[in-house]
Amino acid sequence: MDTVQNFKCPCCNAALPYNGETGGMKCEYCGSEFSAETLEKLMGEDASASSADSKYDWGSYTERSYEADESVNLADYSCPSCGAEITGDATLGATICPYCGNGTIIKKTFEGAAKPDYVIPFKVTKDKAMQRFEEACKKAPFLPDAFKDKRKIEEMAGVYVPFWMFDCTADADIAYKATRVKHWSTADYDYTKTDYYRAFRSGTIGFENIPSDGSQKADDTYMEAIEPYDYSEAVDFNAAYLSGYLADRYDVTAKECEPRANERVKQSTEAAFASTVTGYTDVSTETSSVRFLDGKIRYSLMPVWMLNVKYGDIMYKYAINGQTGKTVGEFPVDKKKKWLYFAKIYAIGLAVVGGAMWLMMNM
Amino acid sequence: MEIAIVIIVPAIIAFIMMFAKLSQMKTAVKQDRADNYMKRETFSVTKSKDVFLYSNTTKTPRPKSKS
């Protein structure tokens, strides 16, 4: 059984990447289009003949023995298009052959128990992702003017990031501290009356599809920042969607991701019940007990464009949601622009406050 | 006192506005909550009780204007 596959155009044999815009596979050379399901059927029925290899006797090569590094778990695969040896992590699921440029899928990474429950296919193309990045740059108020000309895009890759999706019902018992403050004045005194309350709330609230990224390589902060995804566009997993993109299997287990999901559910539950404590000046959580019922965990792949940009000596990372185009990252700050802005606001404030003070003193 | 107000208040406002703009330069931030994943139609409050504890009143003399 083939462990590695790539998708080729049945008409002209060129590389056949997944096209987010059309929702199918589109050949960039002859323009033919196919659905992912059609291609899977064709691949299943296709029996490719291999030509007989020429033989040259070079003698045998004695491999050097070496101590395997336990911290690096590598595996080798052979590109079915050009035969090049691709080395990657044992979790590698899809890659692009560095020699012939064909998308290559390592089937066993996403088989059996490791098969994702669903995938959200790429909808934002590489060009559109760059467009969204440029729009984000325009919105960055203190971006150096030289950033556009002097930056260097070191790497831009479309990656299917593995995510664990958590569903649950939160059953909560929460106690809040609440205060009601009244002010009034007489001729001689200012009065402040503070009434102290305890508010008790209990109930349930459901959550679904809380994502937590299952990859050590993907920065958790970036993966949370590009949320949310539209799950109505999630489809059953099909390896064809990965063609032309990178993908890894999870290397962070669902158990390791649970605490993060739990914390987010707890914060949202406390805030939801706090919104029912009304008519007070201030409300804060005193104690809370949140239990998770009907828990369900699913495994999915989500599309992300990863972008590394070098400006000066610093590498800036950006992530673009491959479905919605939401762009997040950290932009360099032009200190001169920043302090110029401060000076402008200060000057306006000085004029307004100074003018108001002068009017008050001369009334 | 008035001069101090005129100098300090605009500086505070300018700092606040500058930091608000600076926050737009770093958009990769963690999501503390899961509000986007809440099924609002399942929100059910089974117990709601507010208990008054005590009251506290403070009294501050008003500054008299010098005439």
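Proteins get letters first, then strands, A, B, ... in listed order; numbering begins at 1 in each.
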Among residues 349-358 of chain A, which ones touch chain B with a heavy-atom distance under 4.5 Å? A:G349, A:L350, A:V353, A:G354, A:M357
All pairs passing ring-ring contact (aromatic ring centres under 6.0 Å, His included) where residues 4-39 of chain B contributes a residue, at least two apart: A:F342-B:F15
Using a 4.5 angstrom heavy-atom cutoff, name the option from B:K39, B:K26, B:M25 with the most pairs to chain A. B:M25
A:W305 and A:R132: side-chain contact (heavy atoms from CB on, under 4.5 Å), yes or no, with the steps? CA-CA 11 Å; A:W305 285 102; A:R132 296 302 287 259; over 6 Å; no
Geometric cation-pi criterion, A:K338 with A:F142: 6.0 Å, 45°: no
Please identify each residue that fulfils side-chain contact (heavy atoms from CB on, under 4.5 Å) with A:D220, with sequence neighbours left out. A:D213, B:K30
If one checks every heavy atom of A:T192 against chain B at 4.5 Å, the contacting part turns out to be both
Between A:S289 and A:D173, is the side chain to side chain donor-acceptor pair (under 3.5 Å) condition met? List the steps. CA-CA 5 Å; A:S289 166; A:D173 292 298; 4.9 Å; no
In terms of heavy-atom pairs under 4.5 Å, which option from A:T269, A:D219, A:T186, A:T327 contacts chain B the most? A:T186
Considering only heavy atoms, which portion of A:A343 lies under 4.5 Å from any heavy atom of chain B: side chain, backbone, both, or neither? neither
Measure A:R180 against the heavy atoms of chain B and call it side chain, backbone, both or neither at under 4.5 Å. neither
Which portion of A:Y176 sits near chain B, non-hydrogen atoms under 4.5 angstrom: neither
Listed by chain and number, what are the ring pair (Phe, Tyr, Trp, His ring centres under 6.0 Å) partners of A:F273, not counting sequence neighbours? B:F43
Flag the pair A:Y318 / A:F331 as yes when their ring centroid distance falls below 6.0 Å, and as no otherwise. yes
Pick from A:A140, A:A136, A:P141 with the largest number of heavy-atom pairs that fall under 4.5 Å of chain B: A:P141
With chain B as the partner, which of A:T179, A:I345, A:T221, A:V277 has the greatest number of non-hydrogen pairs under 4.5 Å? A:T221
What part of A:Y191 gets within 4.5 angstrom of chain B, counting heavy atoms only: side chain, backbone, both, or neither? both
Just give me the residue among B:M38, B:M17, B:Q24 that pairs up with chain A most often, heavy atom to heavy atom, under 4.5 Å. B:M38
Got a donor-acceptor contact below 3.5 angstrom from the A:Q323 side chain to the A:Y229 backbone? no
With a 3.5 Å cut-off and no angle check, do the side chains of A:D190 and B:T60 form a donor-acceptor pair? no
Heavy-atom distances under 4.5 Å only: say whether A:K182 touches chain B with side chain, backbone, both or neither. neither
What part of A:M360 lies closer than 4.5 angstrom to a heavy atom of chain B: side chain, backbone, both or neither? neither
When heavy-atom pairs shorter than 4.5 Å are enumerated against chain A, which of B:N36, B:I5, B:V29, B:V9 gives the highest number? B:V29
If you tally heavy-atom pairs under 4.5 Å between each of B:I12, B:I3, B:T42 and chain A, the highest tally belongs to B:T42
Taking atom types as modelled and ignoring hydrogens, do the side chains of A:T276 and A:R201 form a donor-acceptor contact shorter than 3.5 angstrom? yes
Of all of A:P332, A:A175, A:P211, A:A261, which one pairs up most often with chain B through heavy atoms under 4.5 Å apart? A:P211
